[in-house]
There are 2 protein chains.
Amino acid sequence: MNEITTPRRATVHDVARAAGVSLATVDRVLNNRPGVRPTTARKVADAVTSLGFQRDLSASLLARARDLQVRFLIPAGSNEFMDSLADAASRRIESALIERLQIAITRLPLLDARALVDSLDVLMPHQCDCAVIVGTEEPAVLASVEEATRRGVMVMTLVSDLPGSSRRHFIGIDNVAAGRTAASLMGRFCPQGGKIALVAGSMHLHDHHDRLEGFRAVAAEYPGLELLEPLEGHDEHQETQALVEQLLARHSDLGGIYNLGAGTTGLLAALRRTRRTGSLRVIAHELSDCSRAGLADGSIDVVLDQNPDGEIGAALAAVRTLALGAGTLENNEPIEIRIFLRDNLG
Amino acid sequence: MNEITTPRRATVHDVARAAGVSLATVDRVLNNRPGVRPTTARKVADAVTSLGFQRDLSASLLARARDLQVRFLIPAGSNEFMDSLADAASRRIESALIERLQIAITRLPLLDARALVDSLDVLMPHQCDCAVIVGTEEPAVLASVEEATRRGVMVMTLVSDLPGSSRRHFIGIDNVAAGRTAASLMGRFCPQGGKIALVAGSMHLHDHHDRLEGFRAVAAEYPGLELLEPLEGHDEHQETQALVEQLLARHSDLGGIYNLGAGTTGLLAALRRTRRTGSLRVIAHELSDCSRAGLADGSIDVVLDQNPDGEIGAALAAVRTLALGAGTLENNEPIEIRIFLRDNLG
DNA sequence: GCCGTCATGAGGCACGTACCTCAAATTTGA
DNA sequence: TCAAATTTGAGGTACGTGCCTCATGACGGC
């Protein structure tokens, strides 16, 4: 009958006593206020670590008498996934408020760096503690992120990272692993081998590129699989539908389709017309009304989902931690890829 | 450029003003203290709903000057999954402390109702706000849960539910859906059909029973699949290993194995000896060192996992919500089943 | 030795809620 | 109708931290 319990917590008073300084000095050190000699600051820091002091988040937020302000900058447009991200964020407005987090959401023109920069540049520390952005890797965006950080507005990246920038944190899935997983399933689905079609949005999108790379790497382990050249539907429903119809007409012996982009609506429309049940395995990305329907009626076998609710939740948790605590985030594991079949849709 | 922002929060002072009563009375109503006329209580309740008042958790916990005490009662023994549950709980001790949640863990003899009852009966409200138990459905356990609730100790069930009891919440996966998912994958893995073996711990375990039921229902949709009678390895490694070795010897044409129990170590040992790569698809439950290794070396194709970390996190969140707020938990969605292949292990 | 600058201490108020006491107002029962 | 019981109000202190002011001490250069 093993037994584990938790220790007691230290307060700022304990730290002051242990360091042999006053409360005011401890406060100055903890909140990087000026006017403390390095020697004294060190004494306080030592006391903090030796006591294992952790700031009480509740009391801290209470004392500030001010909520943490988080602003999401999310692309709009025909992209269903971005909609579900925004929906996930707005669903959490109420529950986040209980934890003293105020959420604001701005929808921006799709893939418009200028609009993103403009929205980011006007955010000031007194009205926004953290901006969470889905940004493209362009010089103007990077410069804007640096400037926001300099002003005192923390920036986090969502879905698509900006490595090398001063963004404090990235929230998103491992897209190479997603592609690998899709190939691993497809390989097992087609033990006799067969032709596999690849449908992407655009090879210029970093996440699509990663997925393709992962898929190709693992598909190579299944010698029976023959990968066709990837099609680019630019995440447009009609374009994707036309491409897939053409594809199905040309290859009567197709074994499977991996749709690594966002054009699932168009794909489904094409499949519904020329349905070849049984022989055709379909793997797509992102759970939506459309892909749910596809799973339910059997036209899609598997959906890989990057869990927008989980991403928003992770973002909010990171804001809480970073806005008050130390500089780094220990729990830096990426968002998990969710795998859905008809039978675990819930 | 759409725009969404959050409203402001009401405090107890606002409620008192709106209801036309004093702070003391509001306090009495909010914390069900005696000495309030029903008419007055109703006025306060109306003000609460009309203002959308929500108690400030931070301030509430701060004022109590006392952490929430949660005690996990988890079986010990050879069951790896229970170990990982306990590990997940102890990993959260530190981070939970920041949120004023004190975690205590008691490991109990496996499937010993007497030990569980004894541990539950000694928990008093002043030292334990909530007990989270993995309990079997036996009269003595049920009685003990009722008694704890009566004393003022909240009880939540984990992994295995006690429906009809006064437990405030259940945290676990939908095991029928897990079985269905396994069958759905197996059916796609074996497009030519084939013999499928089922390995369980015991049919008396509710979760194993549910998984089998789900698997059978969906497997029936794949006419080529021939299900063998389920074997019972009692979650013991050696017994399972012996059973599987015998099984493999008898059926040289076996197409797949679904291990819906906890004896994965034994299964793996048997597979490693008589390995038939390529033709044999294996689906197992619960991610562990052992099943990870199986995924990595290809002896297991898919692992369905009930995400112990997620379950512990959900339990803690539920405690926070229930211990302070209203009677019910809105966010009552079950834990998601995680699906792992070699390629999304992370 | 005087002034200016910097480092530190001492203390207080605030945040929103919990919980306590005591007095005043109201209702209840006989 | 009066006393007892119940309900309500008023106000305080506390929780741990943030942020503010003011006083004191230490140090430098002139």
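Reminder, nothing fancy here: chain letters follow the sequence lines and each chain counts from 1. Scope of the values below: all heavy atoms of this structure, side chains included, with no hydrogens, waters or symmetry mates.
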Any heavy-atom pair between the side chains of A:Arg92 and A:Ser95 that's under 4.5 Å?
yes
Whole-Å gap separating C1' (C:dG9) and NE2 (A:His13)
14 Å
Measure the CG-CZ distance between B:Asp305 and B:Phe81 for me, rounded to the nearest 0.5 Å.
7.5 Å
Picking from C:dT17, C:dC15, D:dT17, which would you name as closest to the side chain of A:Leu62?
C:dC15
Whole-Å distance, B:Leu51 CG to C:dG16 C1', equals 15 Å
Going through the distances and angles, do A:Ile133 and A:Leu162 end up as a side chain to side chain contact (heavy atoms under 4.5 Å, CB included)?
CA-CA 10 Å; A:Ile133 68 173; A:Leu162 298 175; 4.1 Å; yes
Strand contacts (DNA chain C) in residues 18-30 of chain B, 4.0 angstrom heavy-atom criterion
B:Asp27
Minimum side-chain heavy-atom gap A:Val48-A:Leu30 below 4.5 Å
yes
Picking from D:dA14, C:dT8, D:dT17, which would you name as closest to the side chain of A:Thr40?
C:dT8
Distance-only side-chain donor-acceptor flag, A:Asp46 / A:Ser50, under 3.5 Å
no
Phosphate-side-chain proximity, B:Arg100 and D:dC15, N/O vs OP1/OP2 below 4.0 Å
no
Do B:Val141 and B:Glu137 make a side-chain contact, defined as non-hydrogen atoms from C-beta onward lying under 4.5 Å apart?
no
Nearest whole Å is fine: how far is D:dT17 P from A:Leu68 CG?
17 Å
Do the side-chain N or O atoms of B:Arg37 get closer than 4.0 angstrom to the phosphate oxygens (OP1, OP2) of D:dT8?
yes
Can you tell me how far CE of A:Met156 sits from SG of A:Cys130, rounded to the nearest 0.5 angstrom?
5.0 Å
Identify which nucleotide among C:dT17, D:dT17, D:dG18 has an atom closest to any side-chain atom of A:Ala59, counting heavy atoms from C-beta outward.
D:dT17
Tell me the bend of the helix from C:dC2-D:dG29 to C:dA30-D:dT1 as the angle between end helix axes, each from five pairs, rounded to the nearest 10 degrees.
30°
Flag the pair A:Arg71 / A:Thr106 as yes when at least one side-chain heavy-atom distance between them is below 4.5 Å, and no otherwise.
yes
Heavy atoms from C-beta onward define the side chain here; which of C:dT17, C:dA18, D:dC19 lies closest to that of A:Arg33?
D:dC19
Please report, rounded to the nearest Å, how far the C1' atom of D:dG18 is from the CG atom of A:Asp67.
15 Å
What integer distance in Å separates A:Asp56:CG from D:dC15:C1'?
9 Å
So that I can tick it off, tell me whether A:Asp87 and A:Arg91 are bridged by a salt bridge, with the cut-off set at under 4.0 angstrom between side-chain N and carboxylate O.
no
Rounded to whole angstroms, how far apart are CZ on A:Arg64 and P on D:dG16?
18 Å
To the nearest Å, give me how far apart CG (B:Leu61) and C1' (D:dA14) are.
15 Å
